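Nothing here was measured: the structure is a model prediction, and the numbers come from that model.
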Amino acid sequence: DKQIFVCLVSNGVSDHLQASRQRKAITILQARNLPYVEVDGMNPDHRESREELFSISGIRGNYPQFFFVHSNGATSYFGNFDRLEELNETSSLPKEVLDANPDFETWEKVFRDVVPSFS
């Protein structure tokens, strides 16, 4: 079930915390070599996509937000920056800690349908 990861950002966001979180999120995604599609909420050409994503998450005007687009075309909300950062930190735990806690979400488990090498 191949998925596409979508990152909803606002390149014109004036809130410093949101702007900082967007930059950090993009850095994490690039460092992890995770392919993603960026939707800029400020771009008039992305207005329809932005509104659809807002309706799926139930959260308006808060960036960044992350989504999965599934192979059947359905879109689901993954979470906000806090969830992405938590996942990134958990995935950095030593292997023995992860092995002892198989219920922990890791980068490889969550994104195995986005990045073939994670499968």
Check [X] against [Y] and note the closest heavy-atom contact, atom names and distance.
X: N11; Y: M42; result: N-CG, 4.2 Å
X: V114; Y: P35; result: CG1-O, 3.8 Å
X: A74; Y: N72; result: N-OD1, 2.9 Å
X: R32; Y: N88; result: NE-OD1, 2.8 Å

Applying the 4.5 Å side-chain criterion to the ILVMFWY set and letting contacts propagate, would [X] and [Y] be lumped into a single cluster?
X: Y77; Y: L87; value: no
X: L53; Y: F78; value: no
X: L29; Y: V110; value: yes

H70 and S76 side chains, donor-acceptor separation under 3.5 Å: yes
Is the shortest heavy-atom distance from the side chain of [X] to the side chain of [Y] under 4.5 Å?
X: V9; Y: V39; result: no
X: Y63; Y: D40; result: no
X: F68; Y: V6; result: no
X: F5; Y: V37; result: no
X: F66; Y: L84; result: yes
X: N33; Y: V115; result: no
X: I59; Y: N80; result: no
X: Q65; Y: F67; result: yes

So how far is it from [X] [atom1] to [Y] [atom2], rounded to the nearest 0.5 Å?
X: I56; Y: E51; atom1: CD1; atom2: CD; value: 11.5 Å
X: R50; Y: R60; atom1: CZ; atom2: CZ; value: 6.5 Å
X: C7; Y: F81; atom1: SG; atom2: CZ; value: 10.5 Å
X: D99; Y: L93; atom1: CG; atom2: CG; value: 11.5 Å
X: N62; Y: S57; atom1: CG; atom2: OG; value: 8.5 Å
X: T75; Y: I4; atom1: OG1; atom2: CD1; value: 9.0 Å

Donor-acceptor contact below 3.5 Å, side chain D15 vs main chain Q18: yes
Atom CD of E48 with >12 non-hydrogen neighbours under 6.0 angstrom: no
K95, NZ: over 12 other non-hydrogen atoms inside 6.0 angstrom: no
side-chain contact (heavy atoms from CB on, under 4.5 Å) evaluation trace for W107 with T90: CA-CA 8 Å; W107 204 259; T90 301; over 6 Å; no
For Y36, all residues meeting ring-ring contact (aromatic ring centres under 6.0 Å, His included), sequence neighbours excluded: none
R21/D82 salt bridge by N-O under 4.0 Å criterion: yes
Cationic N near anionic O, under 4.0 Å, E52 to R47: no
